[in-house]
Amino acid sequence: MANAETYIYKDLPISYEVIGKGKPLVVLHGWGSSRRVMMPLARSLAHIRTSYVLDLPGFGDSPEPNTSWSIDDYADAVESFISNKFEEPVDLLVHSFGGRITLKLCSRKFGRERIQKVLITGGAGMKPKRSLKFYFRKYLAKLLKLPFSILPKSYREPALVKLRQTSLWKSLGSGEYNQLSGVMRETFVKSVTEYLEKCLPLIPHDILLLWGRNDEATPIYQGERIEQGIKNSALVVIEDAGHYAFLDKPKQFVSIAEAYFK
């Protein structure tokens, strides 16, 4: 049975659950998700690992930070959690946005010393391939904002708020971006515009990259780039699975994860 607990990081409560027995396994979810999505996977591994399944700040039961965060800020929070909770090295199992945090964390001296095996599924962080449609929307958005740059600061922000409420502006943003506001919108922008290829050569860990063949959020070429950049990594593809391969093909995913973490 899982136990809900709270870790305080810089006065910010981070909610997490603990389940299982054995060596500690820190589990990180993706953007727009929460620990609840990862708990079935943690339960399936409970016979070989004690999983610590976090709600990252701004998701699930963990409140938003007071200011927008970068990937480094999230990595700092996870590093603090590991430092204060465990004396021995830990393993990581992470999905999507959790992959961004993990690439950053594993490239640090701390990560090289305190993290051992890592499983990344549908991990984000590589520069995506962009279509002409993307660039059209990007530069149209810049063109729409340009007239507001000449306004005094006191008028500029209210005017930009009104612009962002228009149907034209909303049509230019991604679905995830349009659903956000305030701190988390700024956090989203900081996260998706930082590419982590530079971290890859600094990562010495054994890393299993477990990808769904039909992943559209982080297509398989991103997993291939990570595999090419990290010396001790291996990419395994699950057929007929998407971005949530551990939900699409749970038995196959767990079987591979068990073999890796044993």
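As a basis for the values below, the full set of heavy atoms in this structure was taken, side chains included, without hydrogen atoms, waters or symmetry mates. Count residues from 1 along the sequence. Quick caveat: nothing in here was measured; it's all calculated off a predicted structure.
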Note: Ala257 and Leu45 closest approach over all heavy atoms is CB-CD2, 4.2 Å
Roughly how far, to the nearest 0.5 Å, is OG1 of Thr102 from CD1 of Ile203? 9.0 Å
Ring geometry between Tyr74 and Phe59 (parallel below 30°, tilted from 30 to 60°, perpendicular above 60°): tilted
Any Lys/Arg nitrogen of Glu239 or Lys249 sitting under 4.0 Å from an Asp/Glu carboxylate oxygen of the other? no
Return yes if some donor-acceptor pair links the side-chain N/O of Trp211 with the main-chain N/O of His243 below 3.5 Å, else return no. no
Are any of the side-chain heavy atoms of Pro63 and Pro13 separated by less than 4.5 Å? yes
Determine, step by step, whether Leu210 and Leu119 satisfy the side-chain contact (heavy atoms from CB on, under 4.5 Å) criterion, reporting the C-alpha distance in whole Å, the side-chain angles of both residues, the deciding distance to 0.1 Å, and the verdict. CA-CA 7 Å; Leu210 196 46; Leu119 191 161; 4.1 Å; yes
Shortest non-hydrogen separation from Ile14 to Ala77 and the atoms involved: CD1-CB, 4.3 Å
Measuring only between side-chain heavy atoms, which start at C-beta, is Trp31 closer than 4.5 Å to Thr187? yes
What distance separates Ile101 CD1 from Asp76 CG, expressed to the nearest 0.5 Å? 10.5 Å
Nearest heavy-atom pair of Ser34 and Gly60: which atoms, and what distance? CB-CA, 3.7 Å
Does NZ in Lys231 sit with more than 12 non-hydrogen atoms of other residues, nucleotides or ligands closer than 6.0 Å? no
Are the side chains of Val26 and Ile115 in touch, meaning some heavy atoms are under 4.5 Å apart? no
Tyr260 six-ring face occupied by Lys117 cation (under 6.0 Å, within 45°): yes
Are Ser33 and His95 linked by a side-chain donor-acceptor pair shorter than 3.5 Å? no
So, does Asn232 use its side chain to make a donor-acceptor pair with the main chain of Pro204 at under 3.5 Å? yes
Examine distances only and state if a side-chain atom of Ser255 and a backbone atom of Lys251 form a donor-acceptor pair shorter than 3.5 Å. no
How about Arg114 and Pro89: do any of their side-chain heavy atoms sit closer than 4.5 Å? no
Write down the atom of Ile238, the atom of Ala245, and the distance for their closest heavy-atom approach. CD1-CB, 4.4 Å
Is there a donor-acceptor pair closer than 3.5 Å between any side-chain N or O of Thr50 and the backbone N or O of Lys23? no
Give a yes or no on whether Leu202 and Ile226 share a hydrophobic cluster (residues Ile, Leu, Val, Met, Phe, Trp, Tyr; joining criterion: side-chain heavy atoms under 4.5 Å apart). no
Can you tell me how the ring of Trp69 sits relative to the ring of Tyr9, calling it parallel under 30°, perpendicular over 60° and tilted otherwise? perpendicular
Below 4.0 angstrom, N of the basic side chain to O of the carboxylate: do Arg108 and Asp72 qualify? yes
Taking only Lys NZ, Arg NE, NH1 and NH2, and the carboxylate oxygens of Asp or Glu, determine whether Asp73 and Lys190 approach each other closer than 4.0 Å. no
Walk me through it: do Val27 and Arg35 pass the test side-chain contact (heavy atoms from CB on, under 4.5 Å)? CA-CA 8 Å; Val27 181; Arg35 72 177 191 269; over 6 Å; no
Considering all heavy atoms of both residues, which atom of Asp240 and which atom of Asp248 are nearest to each other, and what is their separation? O-CB, 4.5 Å
Using modelled atom types only, decide if a donor and an acceptor are shared between the side chain of Arg49 and the backbone of Lys21 within a distance under 3.5 Å. no
Side chains of Ser191 and Arg100, donor plus acceptor under 3.5 Å: no
Taking C-beta and beyond as the side chain, do Pro24 and Glu88 meet within less than 4.5 Å on heavy atoms? yes
Determine whether the aromatic ring centres of Phe97 and His29 lie less than 6.0 Å apart. no
Return the CG to CD distance between Leu209 and Glu227, rounded to the nearest 0.5 Å. 6.5 Å
Let me confirm one number: the CD1-SG distance from Ile120 to Cys106, rounded to the nearest 0.5 Å. 7.0 Å
So which atom in Met184 and which in Pro65 form the shortest heavy-atom distance, rounded to 0.1 Å? SD-CD, 4.1 Å
Please assess Ile220 against Arg213 for the test side-chain contact (heavy atoms from CB on, under 4.5 Å), listing each intermediate value before the final yes or no. CA-CA 7 Å; Ile220 197 166; Arg213 173 73 71 185; 3.9 Å; yes
d(Lys104 NZ, Ser70 OG) to nearest 0.5 Å is 7.0 Å
Please answer whether the main-chain N or O of Lys127 pairs with a side-chain N or O of Glu197 as donor and acceptor at a distance below 3.5 Å. yes
Quickly, which of Val53, Leu247, Leu93 forms a side-chain contact (heavy atoms from CB on, under 4.5 Å) with Leu41? Name it, please. Leu93
Is there a donor-acceptor contact under 3.5 Å from the side chain of Ser44 to the main chain of Pro40? yes
Are Val90 and Tyr52 close enough that some pair of their side-chain heavy atoms sits under 4.5 Å apart? no
Presence of salt bridge, Arg36 and Asp61, under 4.0 angstrom: yes
With no hydrogens and no angle check, do the side chains of Tyr7 and Ser80 hold a donor and an acceptor under 3.5 Å apart? yes
Validation row: Leu200, Leu103 side chains within 4.5 angstrom (heavy atoms): yes
Let me confirm one number: the OG1-CZ distance from Thr218 to Arg225, rounded to the nearest 0.5 Å. 12.0 Å
Report the C-alpha separation of Leu28 and Leu54 in whole Å, then their side-chain angles, then the decisive distance to 0.1 Å, and conclude whether the side-chain contact (heavy atoms from CB on, under 4.5 Å) test is met. CA-CA 6 Å; Leu28 305 179; Leu54 278 66; 4.2 Å; yes
Would you call Asp206 and Val118 a side-chain contact if the rule is heavy atoms closer than 4.5 Å? no
Is it true that a side-chain atom of Ser62 and a backbone atom of Pro57 form a donor plus acceptor pair closer than 3.5 Å? no
